[in-house]
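Just below is one structure, and these are the notes that go with it.
All ligand and atom numbering here is 1-based and tracks the order in the structure. For this chain, numbers begin at 1 and follow the sequence in order.
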Amino acid sequence: MRASQQDFENAMNQVKLLKQDPGNQVKLKLYALYKQATDGPCNMPKPGVFDLVNKAKWEAWNSLGSLPKETARQNYVDLVSSLSPSAEASSQGKHEADEKAQKSKDIVVTSEDGITKIVLNRPTKKNALTFEMYQDIILALKNASTDNSAITVFTGTGDYYCSGNDLTNFTSAAGGMEEAASKGAVVLREFVNSFIDFPKPLVAVVNGPAVGIAVTLLGLFDAVYASDKATFHTPFSHLGQSPEACSSYTFPKIMGSAKATEMLLFGKKLTAREAWAQGLVSEVFPDSTFEKEVWTRLKGYAKLPPNSMRISKELIRNNEKEKLHAVNAEECTTLKAKWLSEECINAIMNFVSRKAKL
Ligand SMILES: CCCCCCCCCCC/C=C/C(=O)SCCNC(=O)CCNC(=O)[C@H](O)C(C)(C)COP(=O)(O)OP(=O)(O)OC[C@H]1O[C@@H](n2cnc3c(N)ncnc32)[C@H](O)[C@@H]1OP(=O)(O)O
């Protein structure tokens with residue numbers, strides 16, 4: 001039986017939910033079949049020799065020649081179902097996606113002693129944030145905002161707190177780069193909004209180095225406790241990108257514009273003590289006693305009257321919520337354009353091909 005348009009759309013949704021990265025070759029094949037199924041034979045000029053990502057995509061699409069749209073659609077559906085044999089391309093949509101998010105292994109959520117703990121749990125990749133992890137965190141924060149806990153805490157498993165955005169999020173996106181950038185901007189905006197609007201005390205337990213969005217988000221936390229092994233690094237210019245998570249507003253406000261410039265424009269990496277001196281970190285602990293001291297303290301804080309803490313947070317934050325939402329929207333629009341720039345694509349390709357370490 002030929003795959004219907006609905007089967008095709010279901011398969012596209014299924015790709016977004018894949019738990020395992022299928023690898024670049026499969027992703028290129030998926031891209032090529034998608035383009036052939038929707039636009040027909042390759043009709044784009046061949047990208048320049050330095051435009052590595054788009055050139056690889058163009059070659060994959062062009063290699064399909066005059067394969068009919070219906071066959072490409074069928075091949076796409078077959079390829080997706082071979083990647084996730086147990087997952088039927090169902091039309092249950094969002095509900096199913098939500099259930100999956102709650103079970104994700106890369107984000108572990110527990111609730112105990114009045115504390116909801118959201119753990120970034122992808123240590124082999126330094127807890128880099130995948131597309132799925134952004135969605136899981138949005139959901140985890142939504143649940144935590146109404147659960148019984150008094151405070152919510154983020155931390156990481158392994159030697160890193162978080163190495164920021166997973167730089168393969170864009171190279172592995174199924175549609176074209178434009179589509180990935182648009183989708184990325186929507187997800188990022190919603191993700192950051194969920195921090196701006198979070199009603200309870202939000203604490204970061206920074207167990208090791210933090211990079212990119214893991215650092216900028218700290219400006220939206222209520223307290224940040226760091227191990228003396230932690231570092232704070234926002235290499236946006238190196239990546240051809242621009243600041244996000246409202247840091248273009250919160251960082252100058254927290255540390256003054258001269259220091260914010262060193263971090264956000266020049267990518268200066270701060271030690272934990274430097275970040276404390278700039279007001280980004282509340283307190284630094286020796287790594288040997290970090291976990292014990294911080295969790296003992298947080299368990300104490302979690303016993304404080306929860307409504308009082310909520311109301312105090314509301315008083316502190318509410319004055320500038322509108323401003324934060326406006327800044328978030330503007331940063332996402334700017335980033336969407338940057339993601340499509342040559343500077344950014346080249347930086348990501350350098351990382352993916354292991355030429356550059358930041
Ligand atoms: C459809 C689109 C959806 C988009 C969704 C929304 C997008 C929102 C985007 C918001 C904007 C965010 C911006 C940022 O966060 S910018 C910062 C990005 N991060 C980096 O640039 C860090 C890159 N990583 C490194 O420089 C080094 O890996 C690091 C210094 C962190 C550690 O070096 P070390 O030598 O100690 O370890 P390895 O490099 O060997 O790392 C171990 C493995 O982990 C992988 N890794 C680490 N970090 C990342 C990362 N950020 N993205 C992808 N993969 C990462 C690394 O490749 C190693 O993997 P392998 O063992 O397989 O080689």
Side-chain angles (χ1 to χ4, degrees), residues 12-13 15-18 20-21 23-24 27 30-31 34 53 106 120-138 156-195 208-218 220 229-248 263-265 267 269 328 331-341 343-358:
M12 284 190 276
N13 287 331
V15 167
K16 294 175 203 152
L17 298 174
L18 284 176
Q20 284 201 327
D21 184 336
N24 284 344
K27 283 181 273 190
L30 283 169
Y31 167 78
Y34 168 83
V53 175
D106 292 337
L120 310 175
N121 187 41
R122 204 177 165 230
T124 55
K125 299 285 180 186
K126 310 291 183 193
N127 298 327
L129 298 169
T130 60
F131 179 60
E132 191 185 29
M133 286 164 81
Y134 286 105
Q135 294 178 309
D136 289 355
I137 292 171
I138 293 170
T157 303
D159 57 346
Y160 262 66
Y161 174 64
C162 173
S163 64
N165 185 42
D166 188 309
L167 292 173
T168 65
N169 275 341
F170 290 102
T171 53
S172 60
M177 199 52 198
E178 291 254 359
E179 193 183 320
S182 300
K183 193 170 153 195
V186 170
V187 172
L188 178 62
R189 187 164 171 193
E190 190 187 352
F191 177 74
V192 174
N193 278 344
S194 62
F195 284 82
V211 187
I213 192 165
V215 177
T216 53
L217 275 176
L218 297 175
L220 297 172
K229 282 202 171 152
T231 54
F232 299 82
H233 188 200
T234 49
F236 299 128
S237 300
H238 300 69
L239 291 167
Q241 298 191 28
S242 52
E244 77 287 285
C246 298
S247 57
S248 61
M263 284 195 82
L264 297 178
L265 271 64
K269 190 194 283 189
N328 183 26
E331 287 178 346
C332 291
T333 307
T334 306
L335 256 178
K336 183 175 151 185
K338 289 304 297 169
W339 286 331
L340 296 173
S341 72
E343 286 180 343
C344 178
I345 292 172
N346 286 343
I348 290 175
M349 286 315 294
N350 276 344
F351 177 79
V352 172
S353 59
R354 312 299 297 162
K355 280 191 218 136
K357 276 261 164 75
L358 296 163

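Taking every heavy atom of K126 and a limit of under 4.0 angstrom, the matching atoms of ligand 1 come to 36 (O), 37 (O), 41 (O), 42 (C), 47 (C). Close approach of ligand 1 to L239 (heavy-atom distance below 4.0 Å) involves ligand atoms 16 (S), 17 (C), 18 (C), 21 (O). Distances below 4.0 Å separate heavy atoms of G212 from the following atoms of ligand 1: 14 (C), 15 (O), 16 (S), 17 (C). Taking a cut-off of under 4.0 Å to the non-hydrogen atoms of A128, the atoms of ligand 1 that pass are 49 (C), 50 (C), 51 (N), 52 (N). The distance from ligand 1 to the heavy atoms of G164 drops below 4.0 Å at these ligand atoms: 15 (O). Against a heavy-atom cut-off of under 4.0 Å, A180 is close to the following atoms of ligand 1: 1 (C), 2 (C). Close contacts between ligand 1 and W339 involve ligand atoms 9 (C) [criterion: under 4.0 Å to a heavy atom].
To the nearest 0.5 Å, atoms CG (L340) and CG (L335) are separated by 10.5 Å.
Checked against a 3.5 angstrom limit, the closest N/O atoms of T168 and ligand 1 fall outside it. Checking only distances, K183 never comes within under 3.5 Å of ligand 1, N or O to N or O. Looking at ligand 1, you'll find an N or O of I213 within less than 3.5 Å of one of its N or O atoms.
Of all the heavy atoms of E244, the ones lying under 4.0 Å from any atom of ligand 1 belong exclusively to the side chain. With a heavy-atom cut-off of 4.0 Å, L188 touches ligand 1 through its side chain alone. Residue contacts with ligand 1, taken as heavy atom pairs separated by less than 4.0 Å, involve S163 via backbone and side-chain atoms alike. Only the side chain of F351 comes within 4.0 Å of ligand 1, judged by heavy-atom distances.
Taking F191 as the reference, Y134, F195 meet the ring pair (Phe, Tyr, Trp, His ring centres under 6.0 Å) condition, with sequence neighbours excluded. In this view, E190 satisfies the salt bridge (charged side-chain N to carboxylate O under 4.0 Å, His left out) rule with no residue, not counting sequence neighbours.
Ligand 1 has Y160 within reach: a non-hydrogen atom of the residue lies less than 4.0 Å from it. Ligand 1 is approached by T124 to a heavy-atom distance shorter than 4.0 Å.
Of the candidates T216, N165, L167, V192, N165 brings a heavy atom nearest to atom 9 (C) of ligand 1.
Of the candidates T130, N127, D166, R122 forms a side chain to side chain donor-acceptor pair (under 3.5 Å) with just one, namely D166.
For the pair G240 and C344, the tightest heavy-atom approach, listed with the atom from each and the gap, is O-CB, 3.5 Å. What you find for V192 and C246 is that their closest heavy atoms are CG1-SG, 4.2 Å.
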* L129 and L120: CA distance, side-chain angles, deciding distance, side-chain contact (heavy atoms from CB on, under 4.5 Å) verdict -> CA-CA 8 Å; L129 298 169; L120 310 175; 4.2 Å; yes
* Verify side-chain contact (heavy atoms from CB on, under 4.5 Å) between S182 and K336, making sure each step is shown before the conclusion. => CA-CA 6 Å; S182 300; K336 183 175 151 185; 3.5 Å; yes
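Salt bridge status for K125 with D106: absent, with no side-chain N to carboxylate O gap under 4.0 Å.
Between the side chains of N121 and T157, at least one donor N or O lies within less than 3.5 Å of an accepting N or O.
Taking a 6.0 Å sphere around NZ of K229, one finds it holds 12 or fewer heavy atoms contributed by other residues, nucleotides or ligands.
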